[in-house]
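One structure is given here, and the rest of the page talks about it.
Both counts, for ligands and for their atoms, begin at 1 and track the order of listing. Counting from 1, the numbers follow the sequence of the chain as shown. Basis for what follows: all heavy atoms, side chains included, without hydrogens, waters or symmetry-related copies.
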Amino acid sequence: MINIVLFGKPGAGKGTQAEFLKEKYNLTHVSTGDIFRYNLKNGTELGKEAQVYIDKGELVPDALTIKMLQDEVEKNPETKGFLFDGFPRTVAQADALDAFLKTKGWEVTATVALEADDEVLVQRLLERGKTSGRADDQDEALIRNRYQEYNEKTAPLIEYYKGQGKFYAVNGIGEISEVTERLSLIIDKL
Ligand SMILES: Nc1ncnc2c1ncn2[C@@H]1O[C@H](COP(=O)(O)OP(=O)(O)O)[C@@H](O)[C@H]1O
């Protein structure tokens with residue numbers, strides 16, 4: 001069992017890299033952003049509850065997000081491991097993940113961060129917004145709010161996982177395949 005947290009600011013390339021890594025290492029990809037978007041699109045109760053926050057560029061409350069994540073993990077009892085993308089995003093979520101995995105005799109193996117400069121990422125998201133249809137990528141004020149949320153609530157996780165000796169980081173700027181290669185060098189050694 002290997003459980004990897006793919007970490008990085010909005011637009012750092014987590015989803016793109018997850019597509020390659022899940023195939024390469026045979027992991028179950030769990031993207032909280034994708035699950036929220038699926039629920040938004042289908043107008044579910046969960047989607048309706050999350051929408052108010054997503055529309056403001058805010059994080060969805062922990063209780064809702066943690067419950068959703070646990071349900072997703074429970075759906076995949078036979079997996080060889082998880083690739084968590086966009087989760088955890090707060091210390092409370094990280095604590096909940098540790099406690100939850102422990103009930104199954106599992107743990108977070110490593111957290112791997114994609115590093116990139118804020119200004120490069122804001123431009124990337126605005127570009128993505130032109131084609132992705134994601135409303136949260138089309139408004140610079142919303143994007144900036146997501147970075148503020150990241151800095152306040154998510155960045156503390158770097159120290160959290162460093163404290164557990166589980167934090168690794170790679171340069172997220174470069175060709176997609178180069179970045180995959182950098183991540184692989186770390187994952188191969190776990
Ligand atoms: N772990 C989480 N906790 C709270 N909210 C989340 C979480 N994951 C995703 N979201 C919500 O869904 C939105 C889109 O998620 P995602 O595509 O992962 O974001 P981004 O492109 O900003 O990295 C986030 O801006 C946030 O509102």
Quiz item: Considering only protein heavy atoms, which is closest to atom 15 (O) of ligand 1, and at what distance to one decimal place?
Solution: Gly33 CA, 3.4 Å
Self-check item: Donor + acceptor pair across side chains of Lys24, Ser184 (<3.5 Å)
Solution: yes
Quiz prompt | Asp98 and Gln164: side chain donor to acceptor below 3.5 Å | solution = yes
Exercise. Considering only non-hydrogen protein atoms, determine which one is nearest to atom 9 (C) of ligand 1 and report residue, atom name and distance to 0.1 Å.
Key: Arg89 NH1, 3.4 Å
Quiz item: Of all the atoms in ligand 1, which lie at a distance below 4.0 Å from a heavy atom belonging to Lys14?
Solution: 23 (O)
Quiz prompt | Numbering as shown, the atoms of ligand 1 that approach Thr32 to under 4.0 Å (heavy-atom distance) | solution = 1 (N), 7 (C), 8 (N), 9 (C)
Quiz prompt | Distance-only N or O hit between ligand 1 and Val60, under 3.5 Å | solution = yes
Exercise. Quick one: list whatever passes side-chain contact (heavy atoms from CB on, under 4.5 Å) with Val120, sequence neighbours left out.
Key: Asp117, Ile173
Practice problem: Enumerate the atoms of ligand 1 whose separation from the nearest heavy atom of Arg37 is less than 4.0 angstrom. | Solution: 14 (C), 15 (O), 16 (P), 17 (O)
Quiz item: Which ILVMFWY residues can you reach from Leu6 by hopping between side chains whose heavy atoms are under 4.5 Å apart?
Solution: Ile2, Ile4, Leu21, Tyr25, Leu27, Leu83, Val112, Leu114, Tyr168, Val170, Val179, Leu183, Ile186, Ile187, Leu190
Quiz item: Would a distance-only check, ignoring hydrogens and angles, find a side-chain to backbone donor-acceptor pair under 3.5 Å from Lys9 to Ala116?
Solution: yes
Self-check item: Atom indices of ligand 1, in the order listed, that fall short of 4.0 Å to a heavy atom of Phe87
Solution: 1 (N)
Quiz item: Which ligand 1 atoms are under 4.0 Å away from a heavy-atom of Arg128?
Solution: 21 (O)
Quiz prompt | Min heavy-atom dist Arg134 to ligand 1 below 4.0 Å | solution = yes
Practice problem: Would you mind telling me if ligand 1 is within reach of the side chain of Glu58, the backbone, both or neither, using heavy atoms under 4.0 Å? | Solution: backbone
Quiz item: Are the side chain of Lys153 and the backbone of Arg89 linked by a donor-acceptor contact shorter than 3.5 Å?
Solution: no
Quiz item: Does Tyr161 offer a backbone N or O that forms a donor-acceptor pair with the side chain of Thr111 under 3.5 Å?
Solution: no
Practice problem: Look at the side chain of Asn39 and the backbone N and O of Leu46, then say whether any donor-acceptor pair between them is shorter than 3.5 Å. | Solution: no
Quiz prompt | Enumerated ligand 1 atoms positioned under 4.0 Å from heavy atoms of Gln93 | solution = 1 (N), 2 (C), 3 (N), 4 (C)
Practice problem: Look at atom 6 (C) of ligand 1 and say which protein heavy atom is nearest, naming residue and atom and giving the distance to 0.1 Å. | Solution: Phe36 CE1, 3.7 Å
Quiz item: Any chance the side chains of Asp62 and Thr90 put a donor and an acceptor closer than 3.5 Å?
Solution: yes
Quiz item: Going by the atom numbers of ligand 1, which of them fall below 4.0 Å from some non-hydrogen atom of Pro10?
Solution: 20 (P), 22 (O), 23 (O)
Practice problem: Would you kindly specify which portion of Thr65 sits under 4.0 Å from ligand 1, judged on non-hydrogen atoms: side chain, backbone, both or neither? | Solution: side chain
Exercise. Give the residue, atom name and distance (to 0.1 Å) of the protein heavy atom nearest atom 22 (O) of ligand 1.
Key: Arg146 NH2, 2.9 Å
Quiz item: What part of Lys153, side chain, backbone, both or neither, has a heavy atom within less than 4.0 angstrom of ligand 1?
Solution: neither
Quiz item: For ligand 1, is there an N or O atom under 3.5 Å from any N or O atom of Ile54?
Solution: no
Quiz item: If you measure from the Lys or Arg side-chain nitrogens to the Asp or Glu carboxylate oxygens, is any gap between Lys48 and Glu45 under 4.0 Å?
Solution: yes
Quiz item: Salt-bridged, Glu149 to Arg146, with N to O below 4.0 Å?
Solution: no
